[in-house]
Amino acid sequence: KYWIKNSLMIINIVLLDLLKVFFQGFFILFLFTFFKCRIFFCLRLHFMSPIVCLVTVADYSSLIVSEVIKLDQDAPSLNKNSMLLLSFFCFWFFFNLKKDNSLITYFMCILHYFLHISRNKPLRGPTCGVENMLFYAITEGREHVPVSQFIAALRKTGLHVSDPRLKESMDKLRQIMRESVGEVLIDRELFHRCVGGNISLLMQAFRKKFIIPEFAEFAEKINKIYKTVKNQDEGKVANYIPQLAKFSPELWGVSLCTVDGQRHSVGDTKQPFCLQSCVKPLQYAIAVHELGTENVHRYVGMEPSGVKFNMLSLDDDDKPHNPMVNAGAIVISSLIKVKHFMNFVKRIAGQEFVGFSNATFQSEKETGDRNFAIGYYMKEKKCFPPGVEMIDALDFYFQLCSMEVTCESGSVLAATLANGGICPITDERVLSAEAVRNTLTLMHSCGMYDFSGQMAFHVGLPAKSGVSGAILLVIPNVMGMMCWSPPLDRVGNSVRGIHFCQELVSLFNFHNYDDLRHFVKKQDPRKQTGDDNVSQLLIVDQMCCNNNEKKTI
């Protein structure tokens, strides 16, 4: 691709220059013929050819030497490739057309003219100027900056060095750092070499075109909410599953991932924990993605149950009320292919951490009498698809509840739902839009146990809680969040998680109906502030500068 791009550019410029020279040449020949300047034409033919050849070869050689020893710092790497291509044509003409001095002269004139254009106006790739603008915007006009400053500027936009989209660039940068003795300074050449494949993404980030343009300020406000909520000491850790009772009540973490892949984490966000009921929207989304809405809802309803999540209760059609209660989730487990579920969830999480706790799985089976009762009750009511063994479906349900994530990987799960089924850090469409829409609808109406109505009223966002202390929160078209703190309230929701969601919506206009006209306006982190003018001025300033002069604002 690199050679094709450069070759097409060279051909384009050569054709334009050839067109100019041909018109000039034909005009001169017309004058020679019209005025019968035979003597001058002969002199040009016999004496000008060797002179032009010598001058052209000298000019060509100096340009190659300056490129090789890097005397000309502003000459782009494209010049070397273009010179190699031109040298092929030069020597081909010289050795095959040496009997016709007039053709040699004409070609040498063209080559000399082209070298003159190349020297005074260096050839550039289509993104070279953009890369320079981006480089100076990041370095604030300086020619060299430490790698640490570049990474800090990257984090300020919300992008992380672990982002899969930046993997190639970060790998190149790490290799250079390993091979260097002292501190590595990034200049334009190193910047072009390392981040050339991510120019579009980085331009979006540093021009503040992501969904949260002032991400650093937004992250600071999230940290303040986190610290405020941390003081909550109410609730008790679930103890009816022995493995869950082992977690400290002091653990508290929040991670977020926007639909553009901006990341922020605060607290205990790398500690693995079981999804428990937070897996229910995922298994439902995968079932709808694979089987379709109609086929799935033959076996499960879509109405809030009005009773506790683990009650032996079915609707009037002898179906579980919805996929977010235990009965519905057990039936959904019977519809999913067991083998590929873990890989599917990893794709939703952008290949970040998704594990399995066998200890929790065994603990679930040993203490799951209520779920066994639900299973046998639904078997008696013929709730399962034909040919499905209830015990197998129940066993698979216990396995799904025992899957582990961290706050960081869980936030990507939520962000994929917020992004309509496309994972924001891999750009892979994992779930269909239909599956995501249905899932968010049910999360909004049924996702928070007996607190679902109050959650919809006060927070107004799709969410799903689990007895491990996790809350999966989705802000459609904006971001996904994972809050985790083991102490639970009386209905089984994380105390700190609920308070965090309420504080978040009280500060920002994320509630589903906050955008109504004449409503009290809250902060909207999706809007740019006036500070963005500075970065825009800097980019415009760099557009106005050539490579031989520097400006400061």
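Scope of the values below: all heavy atoms of this structure, side chains included, with no hydrogens, waters or symmetry mates.
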Heavy-atom check, side chain of [X] versus side chain of [Y], under 4.5 Å:
{"X": "I176", "Y": "V184", "result": "yes"}
{"X": "F150", "Y": "V195", "result": "yes"}
{"X": "P476", "Y": "P462", "result": "yes"}
{"X": "F191", "Y": "L134", "result": "yes"}
{"X": "P424", "Y": "T416", "result": "yes"}
{"X": "L504", "Y": "I222", "result": "yes"}
{"X": "F210", "Y": "L201", "result": "yes"}
{"X": "H499", "Y": "T228", "result": "no"}

Can you find a side-chain donor-acceptor pair between E408 and T269 that sits under 3.5 Å?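 E408 vs T269: donor-acceptor pair found between side chains.
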Compute whether any side-chain donor of one residue and acceptor of the other, for H444 and N512, lie under 3.5 angstrom apart.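 No - no donor-acceptor pair under 3.5 Å links their side chains.
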Quick one: which of T157, V478, V259 gives a side-chain contact (heavy atoms from CB on, under 4.5 Å) with I212? V478
Which of these passes side-chain contact (heavy atoms from CB on, under 4.5 Å) with V354: V412, V345, N343? V345
Spacing of [atom1] belonging to [X] relative to [atom2] belonging to [Y], to within rounding of 0.5 Å:
{"X": "M482", "Y": "C407", "atom1": "CE", "atom2": "SG", "value": "7.0 Å"}
{"X": "I225", "Y": "C483", "atom1": "CD1", "atom2": "SG", "value": "10.0 Å"}
{"X": "L413", "Y": "M481", "atom1": "CG", "atom2": "CE", "value": "14.5 Å"}
{"X": "L256", "Y": "R263", "atom1": "CG", "atom2": "CZ", "value": "9.0 Å"}
{"X": "I471", "Y": "I498", "atom1": "CD1", "atom2": "CD1", "value": "4.0 Å"}
{"X": "Q523", "Y": "K221", "atom1": "CD", "atom2": "NZ", "value": "3.5 Å"}

Non-hydrogen atoms of [X] and [Y] that approach each other most closely:
{"X": "S465", "Y": "C278", "value": "C-SG, 3.7 Å"}
{"X": "Y226", "Y": "G267", "value": "OH-CA, 3.2 Å"}
{"X": "D514", "Y": "N509", "value": "OD2-CA, 3.2 Å"}
{"X": "S485", "Y": "S494", "value": "O-OG, 3.0 Å"}
{"X": "T439", "Y": "Y284", "value": "OG1-CD2, 3.4 Å"}
{"X": "F510", "Y": "R526", "value": "CD2-NH2, 4.1 Å"}

Is the cationic atom of R347 (NZ for Lys, CZ for Arg) positioned less than 6.0 Å from the six-membered ring centroid of F344 and within 45 degrees of its normal? yes
With distance as the sole test, does [X] use its side chain to make a donor-acceptor pair with the main-chain N or O of [Y] at under 3.5 Å?
{"X": "N419", "Y": "I422", "value": "yes"}
{"X": "K522", "Y": "V505", "value": "yes"}
{"X": "H144", "Y": "D187", "value": "no"}
{"X": "S409", "Y": "A349", "value": "no"}
{"X": "R188", "Y": "Y136", "value": "no"}
{"X": "T139", "Y": "V145", "value": "no"}
{"X": "K464", "Y": "P281", "value": "no"}
{"X": "R496", "Y": "Q232", "value": "yes"}
{"X": "Q528", "Y": "K208", "value": "yes"}
{"X": "D163", "Y": "R165", "value": "yes"}

Steps toward side chain to side chain contact (heavy atoms under 4.5 Å, CB included) verdict (E183, V147): CA-CA 8 Å; E183 183 181 21; V147 173; over 6 Å; no
If you apply the rule salt bridge (charged side-chain N to carboxylate O under 4.0 Å, His left out), what do you find for K172 with E168, and how did you get there? CA-CA 6 Å; K172 290 179 181 178; E168 185 178 352; 3.7 Å; yes
Side chain to side chain donor-acceptor pair (under 3.5 Å) between S402 and T360, intermediate numbers included: CA-CA 6 Å; S402 304; T360 304; 5.4 Å; no
Selection residues 272-289 - residue pairs positive for salt bridge (charged side-chain N to carboxylate O under 4.0 Å, His left out), sequence neighbours left out: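 Qualifying pairs, neighbours excluded: none.
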Tell me whether K521 at atom NZ has more than 12 heavy atoms from other residues, nucleotides or ligands lying less than 6.0 Å away. yes
N477 atom CG, over 12 foreign heavy atoms within 6.0 Å: no
Report yes if the distance between the aromatic ring centroids of W484 and F500 is under 6.0 Å, otherwise no. no
